[in-house]
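A short write-up of the structure that comes next.
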Amino acid sequence: MPCRAPDAPASAGLIDRAVDALQRLAIARGHAPNARHHAGDQLEVVLRQAIDEELAQLRAPDPASTVAPADLARLVADLQDAYFELRELRLHRRIEAHGRAQESLERLRTAADPAVLLERSTREICGSCGFERGVLSRIDGSAWILTGAHFEEHDAWAADFVRFGSRARPTLNHTLPEAQMARRCAPAIVMDAMHHPHTHKPFVEQSQSRGYVAAPIVSRSRVIGFFHADHHFSGRPVDEDDLDALWAFTAGFAHVYERSVLLERLREQRARFEGLATATATVVEDLCAADLGVDGRDGAPPHIRAWTTSVATADRDDPLHLTPREVEVLALMASGATNAGIARELFIAEGTVKSHVQRILRKLDASNRAEAVARYLRSRARPAA
């Protein structure tokens, strides 16, 4: 949805009134009306200059002027009304743009990981700030690499542009506007990309860019990439409001991205700690089993007592080279117990049982549980020496 669609009629009306006031002033001064006044920021500049000049005339009237002071005062009042209404409308637009940027960033906070966040970012730029194209790039050393793009209803073109930019990898030398942005950590606007002396022409030609706004992504005081955006398909030139909207989005995006990276690292650390805890629990179980042997079997269920009795009376020179706890686990495996059942019988975690089973299979050089059980039964049934 375009960023300014709701107030487009009001904006057009204000611009018409401002241009009409400037033309009436020109006629009163005996000049030909200029119908080529710029819209947006340039129109505000023209209005401000005209107001300052006419106020100076009111303070020190020119005796040769043919415009009556009262008429001049009314013209200045009309110019001031148009000027302040345009300023108020522009402020309203910026407030709304910042609000939409915040809503977009809240949606991005739900991304599961940084890769998903980056993938969705260019689409969110277009949806929240009203751009028709959004491009994401990163900095790798001195290389400038395109990593993502969203072109409204032109997915194939966007994909081709990213492939081109990911292979091109131009050097971010000091003459590029992007290098200036990275050095100043500030956004920039390029009005005529094709004829600008320092834009990277291969990117400009591939994207057919006429003008764009861009903002650096600053993470921990370091620029890690850029967002670029424009209104290519409608042909509307970018302006200061677009620059402000993109900068608001980019500044917030940097914080969302840092949070996503931190959460991913915390998840990785938690997985490592859980693995370490499981391994530690297994070692403790083995130590306990080695110390206690099978003396605590009297209160066990009958099928466990039977198996552990056979273990206790077996030849101490165990050809299987298993620990007492591993023998208990293998005996329960032979009885048909599942990992969950073994965990309940031995009062250990199911993850610990899995670790025991893996070590048993490795020690017995068995490819599965059935093969391990068969080898165990054969060792138990061997004739006494």
With hydrophobic residues grouped by side-chain heavy-atom distances under 4.5 Å, do L243 and V218 end up in a single group?
no
Side chains of E178 and I139: closer than 4.5 Å at any heavy-atom pair?
no
Could you tell me the separation between the CD1 atom of I217 and the OG atom of S137, rounded to the nearest 0.5 Å?
7.0 Å
Considering only Ile, Leu, Val, Met, Phe, Trp and Tyr, and joining two whenever side-chain heavy atoms are under 4.5 Å apart, list the other residues clustered with M194.
V204
V238/M191 under side chain to side chain contact (heavy atoms under 4.5 Å, CB included): CA gap, chis, key distance, verdict
CA-CA 7 Å; V238 291; M191 299 304 299; 4.3 Å; yes
Kindly compute the distance separating CG (D20) from CG (L79), expressed to the nearest 0.5 Å.
10.0 Å
Let me check something: do V329 and L322 share a hydrophobic cluster, defined by ILVMFWY side-chain heavy atoms less than 4.5 Å apart, either directly or through other members?
yes
Could you check F227 against V135 for side chain to side chain contact (heavy atoms under 4.5 Å, CB included), going step by step and ending with a plain yes or no?
CA-CA 6 Å; F227 281 122; V135 176; over 6 Å; no
About how many Å separate CE of M181 and CD1 of I189, when rounded to the nearest 0.5 Å?
11.5 Å
Should we say atom CD of Q269 is surrounded by more than 12 heavy atoms from elsewhere, each under 6.0 Å from it?
yes
Sequence neighbours excluded and cut-off under 3.5 Å, please list the side-chain donor-acceptor pairs for residues 113-127, or say none.
residue: D113; atom: OD1; partner: A115; partner atom: N; Å: 3.0
residue: D113; atom: OD1; partner: V116; partner atom: N; Å: 2.9
residue: R120; atom: NH2; partner: R107; partner atom: O; Å: 3.1
residue: S121; atom: OG; partner: L118; partner atom: O; Å: 2.7
residue: E124; atom: OE1; partner: S104; partner atom: OG; Å: 2.7
residue: E124; atom: OE1; partner: R107; partner atom: NE; Å: 3.4
residue: E124; atom: OE1; partner: R107; partner atom: NH2; Å: 2.9
residue: E124; atom: OE2; partner: R107; partner atom: NE; Å: 3.3

Nearest heavy-atom approach of A186 to P216 is O-CD, 3.4 Å
Less than 4.5 Å apart, any side-chain heavy atom of N339 and any of R369?
yes
Quick check: do D242 and Y212 have side-chain heavy atoms less than 4.5 Å from each other?
no
All heavy atoms of A372 vs all of L361, minimum pair found to be CB-CD2, 3.7 Å
Indicate yes or no for a side-chain donor-acceptor contact from R210 to the backbone of H232 under 3.5 Å, with no hydrogens or angles considered.
yes
Heavy-atom count check: over 12 atoms from other residues, nucleotides or ligands less than 6.0 Å from R184 CZ?
yes
Can you classify the ring geometry of F161 versus F164 as parallel (below 30°), tilted (30 to 60°) or perpendicular (above 60°)?
parallel
Which heavy atom of A18 sits nearest a heavy atom of L43, and at what distance?
CB-CD2, 4.0 Å
Sort out for me which residue in F131, F151, W144 forms a ring pair (Phe, Tyr, Trp, His ring centres under 6.0 Å) with H228.
W144
Apply side chain to side chain contact (heavy atoms under 4.5 Å, CB included) to K363 and E326, showing your working.
CA-CA 10 Å; K363 286 183 178 181; E326 288 168 350; 2.8 Å; yes
How far apart are the closest heavy atoms of F203 and G165, and which atoms are they?
CE2-CA, 3.8 Å
Could you give the distance from CD (Q49) to CG (L22), rounded to the nearest 0.5 Å?
10.5 Å
Is the backbone N or O of D140 less than 3.5 Å from a side-chain atom of R169, with the two atoms forming a donor-acceptor pair by type?
no
So, E258 side chain and R220 main chain: donor-acceptor pair closer than 3.5 Å or not?
yes
Heavy-atom distance under 4.5 Å between the side chains of V353 and L346, does that happen here?
no
Please report the shortest heavy-atom distance between R133 and S209, naming the atom on each side.
NH2-CA, 3.9 Å
Just do the side chain to side chain contact (heavy atoms under 4.5 Å, CB included) check on V357 and M333 with the steps written out, would you?
CA-CA 9 Å; V357 172; M333 288 168 57; 4.0 Å; yes
Strictly below 4.0 Å, N to O, side chains only: are R325 and E328 in salt-bridge contact?
yes
Can you tell if the side chain of R359 reaches within under 4.5 Å of the side chain of T323, non-hydrogen atoms only?
no
With the side chain counted from C-beta on, respond yes when V223 and C185 share a heavy-atom pair under 4.5 Å apart, and no when they do not.
yes
To the nearest 0.5 Å, atom CG of L25 lies from atom CG of D78 at 10.0 Å
Test item: side-chain donor near acceptor, K201 and T199, under 3.5 Å:
yes
Checking S260 side chain against Y257 main chain: does a donor-acceptor pair fall under 3.5 Å?
no
As an exercise, state the distance from NE2 of H200 to OG of S207, rounded to the nearest 0.5 Å.
10.5 Å
Hydrophobic cluster identity match, L176 and F226, side-chain contacts under 4.5 Å:
yes
Just to verify, what does F233 make a ring-ring contact (aromatic ring centres under 6.0 Å, His included) with, not counting sequence neighbours?
H154
For E371 versus N368, what's the shortest heavy-atom pair and its separation?
N-OD1, 2.8 Å
Is there a chain of hydrophobic side chains (I, L, V, M, F, W, Y, each step under 4.5 Å between heavy atoms) that links L105 to W247?
no
Side chains of T175 and N173: any donor to acceptor distance under 3.5 Å?
yes
With a 4.5 Å cut-off on side-chain heavy atoms, are L246 and P187 touching?
no
May I ask whether V373 and L364 are part of the same hydrophobic cluster, defined by side-chain heavy atoms of I, L, V, M, F, W, Y residues being less than 4.5 angstrom apart, directly or through others?
yes
